[in-house]
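All figures in this text were calculated on a predicted structure; none of them were measured in a lab. Chain identifiers are assigned alphabetically (A, B, ...) following the order of the sequence lines, protein sequences preceding nucleic acid strands; residue numbering begins at 1 within each chain.
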Amino acid sequence: MNFDIIADLTWRGLIHQTTDDQNLAQWLNSRSRSVYIGFDPSADSLHVGSLLQLMLLRRFQRAGHRPIALVGGATGMIGDPSGKSEERNLLSVDSLRANVVGIERQVRQFLDFDCGDTSAVLVNNFDWMRKFSYLDFLRDVGKNFPVNVMLGKDSVKSRLSSEAGLSYTEFSYMLLQAYDFVHLNEQFDCELQVGGSDQWGNITAGIDLARRMRGTQVFGITSPLLVDSEGKKIGKTAEGTKVWLSSERTSPYLFYQYWINVGDADAGPCLRYLTELSRDEIESLDESRANSPHERSSQKRLGEELTRLVHGETGVAAARRATDIFFGAEITGFSDGQLRDIFTDVPSIELPLSRLEGEGLGVLDAFVEAGLAKSKGEARRTVQQGGAYVNNRRVADVDAKLTSSDLASESVMVLRSGKKRYALLRFVR
RNA sequence: GGGGGGAUUCCCGAGCGGUCAAAGGGGUCAGACUGUAAAUCUGAUGGCUACGCCUUCACAGGUUCGAAUCCUGUUCCCCCCA
């Protein structure tokens with residue numbers, strides 16, 4: 001092994017805790033190992049919180065190890081109490097199955113499944129857990145879990161002392177995840193589990209179980225959670241919606257914008273945690289951020305790198321094109337299709353084409369119809385204050401009428417209120 | 001059960017019977033500045049067929065030329081005494 005992954009992860013700040021600080025580096029450098037990270041199928045897409053973990057697997061693979069991505073088809077049926085303050089609602093089996101498929105597809109795009117010995121492996125713990133009978137599980141696995149130790153885990157302790165309590169189901173969660181580790185150890189010689197810092201309890205439970213059941217020594221590493229300088233989770237937009245990896249849930253443009261808007265204080269950690277930029281590149285970005293913050297080269301690079309990783313080169317192009325439009329000049333001479341791609345996240349409303357005929361459609365009415373103003377009075381104010389735009393061209397006249405000559409494409413008109421609130425009017429026959 | 005106070009426009013909160021669509025603050029929206037940031041500054045903030053008109057101050061009545069402001073009843077809230 002010619003790459004010291006522990007040194008790299010340490011420099012990036014990606015190591016929160018390990019089960020063996022002294023020997024892990026040497027152990028990983030001595031030969032190729034199998035490493036596993038689990039992903040929870042609580043939705044049909046992963047979000048940026050999981051991006052850090054996906055990248056970790058990628059880093060291990062690049063360093064010459066074999067990554068195993070586990071999708072929790074079984075554990076997802078139970079619900080991990082770690083870091084959750086309340087009991088979760090159980091997902092239906094159908095939606096769980098759909099979620100597993102969606103997540104598997106995303107994982108595939110981050111790892112190399114065809115590179116010989118270190119080809120990535122994708123597993124679903126439902127495949128082995130389903131075969132267990134309750135009695136067998138209690139005898140083989142449960143017997144190895146002293147309840148007093150389980151009660152000592154943070155995830156359990158915090159819930160027991162709170163109002164919310166904890167069901168027997170969630171209490172049992174750690175047995176399942178612990179057994180996953182043992183199973184992967186048997187099947188794939190997996191000796192290292194990685195996870196977020198909230199996974200420490202589950203990981204050590206697996207290590208204990210492996211020792212008891214198989215007499216083998218395995219290891220664990222946890223990464224920090226992705227939080228901003230104020231301690232809040234990174235990966236939520238200002239409106240509070242999660243930033244997802246799937247383009248159906250979060251368009252490439254919004255994804256890109258999210259990173260462009262990351263605060264200066266958070267840009268450094270994000271570059272280290274999430275990108276594969278070299279130490280030199282990141283440090284020169286740090287410098288640029290300190291000396292000429294207004295250029296925001298860190299944020300731009302971050303947006304570009306991550307959008308490329310998640311949405312590919314076409315995603316970057318789409319995000320760039322949309323960015324130019326959103327912050328740019330007048331919108332004319334586009335086709336409906338182009339506008340639809342650029343404004344995927346923008347609300348739109350259909351109006352009959354006849355509204356544009358004759359007198360034309362009053363601007364105030366247009367803004368109210370589009371939902372950009374609650375009343376014509378409000379629309380009037382916006383226009384008077386210079387905050388109303390049609391196709392990115394400011395409208396100054398309260399009595400202005402819109403006709404078919406104001407269409408930005410065959411049938412679409414782009415309205416904007418203020419700096420960034422957009423809405424589309426689609427005129428149909 | 002007795003006594004007292006209160007209910008105001010998105011929120012908090014002011015409001016001598018006329019000059020009240022209703023002070024002030026918050027929030028929100030727009031503008032300027034800026035790094036698509038933060039902070040700051042400015043303006044706006046019931047509706048409309050808009051130099052005017054209409055509907056609002058818990059609800060229902062009443063007094064008055066005129067009521068958010070006075071009277072009566074109703075509902076809800078708070079405080080004190082039992």
Side-chain angles (χ1 to χ4, degrees), chain A residues 48 227-232 234-241 243 250-271 284-307 315-331 342-347 355 358-401 414-423:
Chain A
V48 301
V227 294
D228 66 18
S229 50
E230 273 139 40
K232 290 201 286 269
I234 283 182
K236 283 201 177 169
T237 63
E239 294 77 44
T241 52
V243 180
T250 301
S251 72
Y253 165 73
L254 273 190
F255 184 86
Y256 177 77
Q257 281 295 315
Y258 178 77
W259 299 111
I260 290 294
N261 284 314
V262 162
D264 289 354
D266 303 319
C270 283
L271 284 167
S284 90
L285 286 170
D286 288 345
E287 213 169 293
S288 150
R289 205 163 60 249
N291 298 331
S292 40
H294 57 279
E295 284 173 12
R296 292 185 314 138
S297 38
S298 294
Q299 284 89 339
K300 284 176 187 163
R301 194 66 193 277
L302 191 59
E304 199 173 301
E305 290 293 322
L306 295 181
T307 307
V316 175
R320 280 233 187 81
R321 205 168 52 231
T323 300
D324 287 346
I325 295 284
F326 277 98
F327 297 95
E330 195 171 330
I331 307 169
I342 293 166
F343 292 97
T344 39
D345 305 297
V346 165
R355 296 285 294 271
E359 270 275 278
L361 175 63
V363 222
L364 302 186
D365 291 312
F367 273 76
V368 173
E369 297 267 16
L372 291 176
K374 282 199 281 295
S375 67
K376 291 177 76 168
E378 191 179 311
R380 179 181 301 270
R381 251 175 267 132
T382 307
V383 172
Q384 283 166 346
Q385 292 174 142
Y389 299 80
V390 173
N391 301 329
N392 271 352
R393 196 177 59 234
R394 183 178 273 180
V395 179
D397 181 9
V398 172
D399 296 316
K401 300 277 188 258
V414 183
L415 303 188
R416 181 178 126 213
S417 164
K419 285 192 176 60
K420 42 178 107 169
R421 284 173 63 219
Y422 278 87

Once you apply a heavy-atom cut-off of 4.0 Å, does [X] come out as touching a base, just sugar-phosphate, or nothing?
X: A:S417; value: sugar-phosphate
X: A:R380; value: base
X: A:Q299; value: base
X: A:R296; value: base
X: A:G386; value: sugar-phosphate
X: A:Q257; value: base

Practice problem: Give a yes or no on whether a salt bridge exists between A:E304 and A:R320, defined as a side-chain N under 4.0 angstrom from a carboxylate O. | Solution: yes
Quiz item: Do A:F343 and A:F326 have ring centres separated by under 6.0 Å?
Solution: yes
Quiz item: Quick check, are the ring centers of A:Y422 and A:Y389 under 6.0 angstrom apart?
Solution: no
Main-chain N/O of [Y] paired with [X] side-chain donor or acceptor, under 3.5 Å:
X: A:R416; Y: A:K419; result: yes
X: A:S292; Y: A:E295; result: no
X: A:N261; Y: A:Q257; result: yes

Quiz item: When the nearest nucleotide of RNA chain B is assigned to A:D264 and to A:R421 on a heavy-atom basis, which residue is associated with the more 5' position?
Solution: A:R421
Practice problem: By nearest nucleotide on RNA chain B, pick out whichever of A:S375 and A:I260 is the more 5' one. | Solution: A:I260
In whole angstrom, give me the gap between the [atom1] atoms of [N] and [M].
N: B:U69; M: B:G25; atom1: P; result: 26 Å
N: B:U8; M: B:A58; atom1: C1'; result: 10 Å
N: B:G15; M: B:G24; atom1: C1'; result: 11 Å
N: B:A67; M: B:C20; atom1: P; result: 15 Å
N: B:G43; M: B:C33; atom1: C1'; result: 15 Å
N: B:C11; M: B:C59; atom1: P; result: 14 Å
N: B:U56; M: B:G46; atom1: P; result: 16 Å
N: B:G13; M: B:A82; atom1: P; result: 30 Å

Self-check item: Contact interval (first through last nucleotide) of RNA chain B with protein chain A, 4.0 Å heavy-atom
Solution: B:C29 to B:A50
Quiz item: Looking at A:E378, A:E369, A:R380, which hits side-chain contact (heavy atoms from CB on, under 4.5 Å) with A:L364?
Solution: A:R380
Quiz item: Can you name the nearest heavy-atom pair linking A:A319 to A:P252, along with the distance?
Solution: CB-O, 3.8 Å
Applying a 3.5 Å limit to both distances, which nucleotide forms a Watson-Crick or G-U wobble pair with [N]?
N: B:A22; answer: none
N: B:G1; answer: B:C81
N: B:A30; answer: B:U42

